[in-house]
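Below: one structure, written as structure tokens.
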Number of protein chains: 2
Amino acid sequence: MARPRTFDEERALDAAMRTFWEKGYEATSTQDLCDATGLGRSSIYNTFKSKHDLFERALARYIDSMTTAQLAVMEDVRLSAADRIRTLFAMVIDGETEHRADGRGLGCLTVNTTVELVARDARAAGMLERDTTRRLAALRAVFEEGRRDGSITSSRDPGALARFVNAAIGGMRISSQGGADRATLESIAEITMDALTG
Amino acid sequence: MARPRTFDEERALDAAMRTFWEKGYEATSTQDLCDATGLGRSSIYNTFKSKHDLFERALARYIDSMTTAQLAVMEDVRLSAADRIRTLFAMVIDGETEHRADGRGLGCLTVNTTVELVARDARAAGMLERDTTRRLAALRAVFEEGRRDGSITSSRDPGALARFVNAAIGGMRISSQGGADRATLESIAEITMDALTG
DNA sequence: CAGGTTATGTATTGGTCAGTACAAAACTTG
DNA sequence: CAAGTTTTGTACTGACCAATACATAACCTG
């Protein structure tokens, strides 16, 4: 009934997501998005109605893929609670050390967006807040399980432990962007585990 | 011998620093800097030769004031090593909960700059790297002292503990920007201490 | 109070920003 | 193959960007 698209919307979204991830929202121009996706301006504005809308979709995609993968680990009944947290840290470290061109981690679009936009962009802030709530709830359940299975010996409140681990992940990501190598990140993860199992 | 300035350079620098801190580098326009400092464009460009130069001076000022205050605590011989770390955390938490208009922390210009610029701005990256090195060295010394005075019972390497605490501070700052309140930050700090003293 | 010097205000630079207008192209369906 | 619909490329919009040119103002020294 009409001219069909010559590109895959999901692939374009993915390319846009990576660009925002690498450069941040403000530093990414619409031209950058055209270059990254291979689309013309018309196609971009026809498909995604504005730079901000495209960013929101990219962020939603990022959040969904990240949190889906992390929740799968946190709900993996084959692992003890402590091992779930260890696996979670390993995932974060793998993610941070994976795309390194210049020896630094890319960080995490969620953390980056928190720093760059949360004070000024209520919609982004809302998305991040909902995601944090979801991840904290899953972490809390892991620690409740850990109390039962005996793998988490800390007597701290499970909710507090959840926030602690969430903060630790953020700290590892910042450290990675600051230049920490894999061994350093692994060491940070181990010491973080000390707080849970010691 | 010539017309004198009608403004205080240090005050202007301070205002610029706060603006970069609140909005980030890219999102701060030269007009924003004029508004914040009360200076005209000419005065800004006459005093600081470019936006980027002004940013570097602002960042240097921030780093200097922050690290000076933190090193003073870390070298305070009246306190046990563990108490120095506790005091350090208290300073970070006070800083994060101090300027809250909207219930969120401003974060830390160092962390914010790491996220926003480190991948693209070699000069800023260098400044941050030197500062991190300095702070890690001080933290390491604290943990060596903690082994002697018995207040730090973890058997982990002092350098590793230093990087762990540095990451923990970053994580607390990200958590604060994400909306964590004072009680949450204090709880994170306590659990972090568990890893050092447990 | 005059000469030298620096600070300041105003106007402007060329460039890039996000976003749009519009016509040509490409496809499906009848 | 023609009508209808959507995509696409090109050119363009006004706004704002960092930075500068230049004239004027304000001050110190002699």
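Numbered from 1 within each chain, the chains take letters A, B, ... in sequence-line order.
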Salt bridge present between [X] and [Y] (N-O < 4.0 angstrom):
{"X": "B:Asp121", "Y": "B:Arg123", "value": "no"}
{"X": "B:Asp76", "Y": "B:Arg84", "value": "no"}
{"X": "B:Arg86", "Y": "B:Asp83", "value": "yes"}
{"X": "A:Glu144", "Y": "A:Arg147", "value": "no"}

Rounding to an integer number of Å, can you tell me how far [X] [atom1] sits from [N] [atom2]?
{"X": "A:Leu39", "N": "D:dT8", "atom1": "CG", "atom2": "P", "answer": "7 Å"}
{"X": "B:Asp35", "N": "C:dG9", "atom1": "CG", "atom2": "P", "answer": "13 Å"}
{"X": "A:Leu33", "N": "C:dC17", "atom1": "CG", "atom2": "P", "answer": "11 Å"}
{"X": "B:Gln31", "N": "D:dA19", "atom1": "CD", "atom2": "C1'", "answer": "13 Å"}
{"X": "A:Ile44", "N": "D:dG9", "atom1": "CD1", "atom2": "P", "answer": "11 Å"}
{"X": "B:Asp32", "N": "D:dA19", "atom1": "CG", "atom2": "P", "answer": "14 Å"}
{"X": "B:Asn46", "N": "C:dT5", "atom1": "CG", "atom2": "C1'", "answer": "12 Å"}
{"X": "B:Phe55", "N": "D:dC17", "atom1": "CZ", "atom2": "C1'", "answer": "18 Å"}

Measuring to OP1 and OP2 of [N], would you say a side-chain N or O of [X] lies under 4.0 angstrom away?
{"X": "A:Ser43", "N": "D:dT7", "answer": "no"}
{"X": "A:Thr6", "N": "D:dT8", "answer": "yes"}
{"X": "A:Tyr45", "N": "C:dG19", "answer": "yes"}

Min side-chain heavy-atom separation A:Leu59-A:Met127 under 4.5 Å: yes
Derivation and outcome, salt bridge (charged side-chain N to carboxylate O under 4.0 Å, His left out), residues A:Asp131 and A:Arg135: CA-CA 6 Å; A:Asp131 182 56; A:Arg135 285 214 325 281; 2.6 Å; yes
Minimum-distance nucleotide to A:Lys51 side chain [options: D:dA19, C:dG19, D:dC27]: C:dG19
From D:dT5, C:dA7, D:dT20, nucleotide with atom closest to A:Ala2 side chain: D:dT5
Check: A:Asp194 side chain, B:Ser154 main-chain N or O, donor-acceptor pair, under 3.5 Å: no
Short side-chain to backbone donor-acceptor contact, B:Lys23 and B:Ser29, under 3.5 Å: no
Euclidean distance, B:Leu109 CG relative to B:Phe20 CZ, rounded to 0.5 Å: 9.0 Å
Within residues 20-29 of chain A: residues closer than 4.0 Å to DNA chain C (heavy atoms): A:Thr28, A:Ser29
Side-chain donor-acceptor contact under 3.5 Å, A:Asn46 with A:Ser43: no
Touch class at under 4.0 angstrom, heavy-atom based, for A:Phe48 against every strand present: nothing
[X] (side chain) and [N] (base): donor-acceptor pair under 3.5 Å:
{"X": "B:Arg3", "N": "C:dA7", "value": "yes"}
{"X": "A:Arg41", "N": "C:dG19", "value": "yes"}
{"X": "A:Ser42", "N": "D:dT10", "value": "yes"}

Neighbours of DNA chain D within residues 10-19 of chain A, by heavy-atom distance under 4.0 Å: none
Whichever of B:Pro4 and B:Ser50 has its nearest DNA chain D nucleotide further upstream toward 5': B:Ser50
